[in-house]
Amino acid sequence: MKRWREAECKRVHDPFYAGDGRKVAVNPVEIDGKCIWVLGPIIVGGGPSGLAVAACLKKKGIPCVVLERANCVASLWQLKAYDRLRLHLPKKFCELPLMPFPSWFPTYPTKQQFVAYLDAYAREFGIRPRFDEAVVAAEYDAVVGFWRVKTAVVNQGREEGGREYMCRWLVVATGENAEAVVPGFDGAGDFKGPILHTSLYKSGDAFRGKRVLVVGCGNSGMEVCLDLCHHGAHPTIVVRDSVHILPREILGRSTFGLSMWLLRWLPVRAVDRLLLLAARLLLGDTAKLGLPRPQLGPLELKLRSGKTPVLDVGTLEKIKSGAIKVVRPAIKKLMEHGAEFTDGRWEGYDAVVLATGYKSNVPYWLKEQEFFSEKDGLPRRAFPYGWKGERGLYAVGFTKRGLMGASLDATRIAEDIERCWKAEVKTTMAFACAPTRQAQE
């Protein structure tokens, strides 16, 4: 206890104190092997968002600790993404702060190229996450004015042991896609084939010659269907709602980039009308294919609900040719060798792939109810105001604006923490110099 108090006192009066007489601004301070004081922020999540914040902090000379439950950075990309995945937007809209993509990368980098970029990014800024360490609870301790972060060590998928950290700033970087959304279906236990989420899907090669029911018509669902076609499978996609499908490029320019340019001069609804006109000319009437469009335009819908339009990479041609079937009604129940739909039809299938997306896991471990919503685990305030909470709490990767939104928030967070860091150092130095001035007087 004496050692704890001595170290705590020195840490309060000297932000660069390392616990053993040294002065550093890099490593955390371990006390009694139980609680770890972290001089700078703790970043929960070692994906692109967490790496972006860590890099911006490192550039400013502020130490941080990155906690990652998986055994690698960007685990969603490395462990849970299908093989044919590419960035859906041009690379210039997806690069992280302070480091562009290599010039020789294609406009739409592959999964493997993006992972290589993230690995190089971590090396460039000396980011070394604490892997296999899952945060199980984080709560602000008003008595000491710090966040208490408890972790468990992940060993072969099981959580055991763990540590407790204390920090002045807590950055939540687990993002919108922390946990797979797996809906339940009546009769799922009777179905004889595999039922898997896209987080477990790697390639259509395993489904060659099989009838596969794909649930979900977002970018992942559409691309999985295309991948299945390329591997000789027979996919059917369930479309339960309306969906906007846009060409990935218009007149040789990326649809996203063109939209951002047009928004500089025109209101959202005017840009939406232009996008829908171009989509009609290039793709035709998608409603005739069983893919009706929402009432709101694609950009307005994105702003209001966060729902992203599908950027077509060839799936529509397969639908038009009949290689991919579209069914509109929802699934009523699964049966031994197929599915019954809500309109009473029954069709046979050999496998089911759930392209049903992901969700935040923040409510499961963060003991805080003001900044994050308990309902969906997202910041209560919408972009661009959802990056900063109270008492040193921050969020990155929750903007529903992809990597570009995460990069913007990462920059803001680092700048805000830097202001606090400098203010605390200034206060500490003034406190330390006070006895000297008094002695001189």
Side-chain angles (χ1 to χ4, degrees), residues 47-49 51-52 72-96 99-121 175-177 180 197-207 214 216-231 233 235 237 243-260 279 282-283 298 302 307-319 323-324 353 355-358 397 400-407:
S49 298
L51 295 179
C72 60
V73 299
S75 60
L76 182 65
W77 280 84
Q78 296 212 50
L79 307 178
K80 298 180 180 181
Y82 42 92
D83 294 341
R84 70 163 285 122
L85 180 63
R86 286 177 175 266
L87 291 178
H88 291 128
L89 303 182
K91 61 183 180 182
K92 68 178 181 179
F93 297 112
C94 300
E95 57 193 26
L96 301 185
M99 181 173 153
F101 281 97
S103 59
W104 51 270
F105 271 26
T107 302
Y108 302 94
T110 65
K111 163 190 168 180
Q112 294 76 15
Q113 289 170 328
F114 185 56
V115 168
Y117 166 75
L118 295 176
D119 283 335
Y121 190 84
E176 308 154 357
N177 302 319
H197 189 268
T198 48
S199 59
L200 300 175
Y201 176 96
K202 296 301 178 187
S203 168
D205 188 56
F207 302 94
V214 178
C217 60
N219 279 295
S220 293
M222 290 290 190
E223 198 160 356
V224 165
C225 282
L226 184 62
D227 187 59
L228 287 166
C229 276
H230 289 168
H231 286 89
I237 189 166
V243 58
H244 275 302
I245 302 179
L246 303 175
R248 187 170 67 172
E249 294 185 343
I250 298 175
L251 300 176
R253 295 186 61 178
S254 81
T255 300
F256 180 81
L258 182 60
S259 300
M260 294 300 100
L282 295 173
L283 303 178
K302 174 69 175 175
K307 187 174 181 180
T308 302
V310 173
L311 296 177
D312 181 53
V313 292
T315 307
L316 272 186
E317 282 302 317
K318 295 294 184 181
I319 292 175
I324 298 174
V353 176
T356 44
Y358 295 84
K400 295 186 178 180
R401 283 163 174 76
L403 294 165
M404 188 167 66
S407 295

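Just so you know, these numbers use all the heavy atoms, side chains as well, and skip hydrogens, waters and symmetry mates.
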### Any donor-acceptor pair under 3.5 Å from K302 side chain to K400 backbone
yes
### Query
Under 3.5 Å, side chain of Q78 to main-chain N/O of V115, donor-acceptor pair present?
no
### Query
Which heavy atom in A74 sits nearest to a heavy atom in L118, and how many Å separate them?
CB-CD1, 3.4 Å
#### Entry: Atom pair CD1 (I250) and OG (S259), whose distance is rounded to the nearest 0.5 Å
6.5 Å
### F207 and Y201 aromatic ring geometry - parallel, tilted or perpendicular at 30°/60° bounds
parallel
### Query
Would you find more than 12 non-hydrogen atoms of other residues, nucleotides or ligands less than 6.0 Å from K202 atom NZ?
yes
### Any donor-acceptor N/O pair, D312 side chain to R248 backbone, under 3.5 Å
no
### Query
Side-chain contact, heavy-atom cut-off 4.5 Å: L87 with L403?
yes
### Task
Over all heavy atoms of both residues, which pair between S103 and K91 is shortest? Give the atoms and the distance, please.
O-NZ, 3.4 Å
### Task
For the residue pair L89 and L311, establish whether any side-chain heavy-atom pair is separated by less than 4.5 Å.
yes
### Side-chain donor or acceptor of H197 paired with backbone N/O of G357 under 3.5 Å
yes
### Task
Rounded to the nearest 0.5 Å, what's the gap from NE2 on H88 to OH on Y108? Could you check?
10.5 Å
### Approximate separation, where rounding is to 0.5 Å, of I237 CD1 and K318 NZ
15.0 Å
### Non-hydrogen side-chain atoms of C72 and L79 separated by less than 4.5 Å
yes
### Query
Which distance, rounded to the nearest 0.5 Å, do you find between the CG of D83 and the NE2 of H231?
8.0 Å
## Note on the structure
The reported gap from CG in L258 to CD in E249 (rounded to nearest 0.5 angstrom) is 11.0 Å
### Query
Is any side-chain heavy atom of F114 closer than 4.5 Å to a side-chain heavy atom of F101?
yes
### Message
How close do I245 and L283 get, counting heavy atoms only, and between which atoms?
### Response
O-CD1, 3.6 Å
### Query
Just by distance, do the side chain of S254 and the backbone of P90 share a donor-acceptor pair under 3.5 Å?
no
### Task
On the 0 to 90° scale, with breaks at 30° and 60°, tag the Y121-Y117 ring pair as parallel, tilted or perpendicular.
tilted
### Pairwise distance CZ(R401) to CD(E176) - rounded to 0.5 angstrom
10.0 Å
### Query
Is it true that E223 and R84 have a side-chain N and a carboxylate O under 4.0 angstrom from each other?
yes
### Query
So, the side chain of Q113 versus the backbone of T110: is there a donor-acceptor pair under 3.5 Å, distance only?
yes
### Summary
Between P247 and L282 the two heavy atoms that sit nearest each other are CG-CD1, 3.8 Å
### For W77 against L85, the heavy-atom pair lying closest together
CZ3-CD2, 3.6 Å
### Task
Start with the C-alpha gap between C217 and V310, add the side-chain angles, then the distance that decides, and say whether side chain to side chain contact (heavy atoms under 4.5 Å, CB included) holds.
CA-CA 8 Å; C217 60; V310 173; over 6 Å; no
### Task
Using modelled atom types only, decide if a donor and an acceptor are shared between the side chain of D227 and the backbone of G204 within a distance under 3.5 Å.
yes
### Query
How close do P235 and C225 get, heavy atom to heavy atom, and via which atoms?
CG-O, 3.6 Å
### Query
Side chains of M404 and F256: closer than 4.5 Å at any heavy-atom pair?
yes
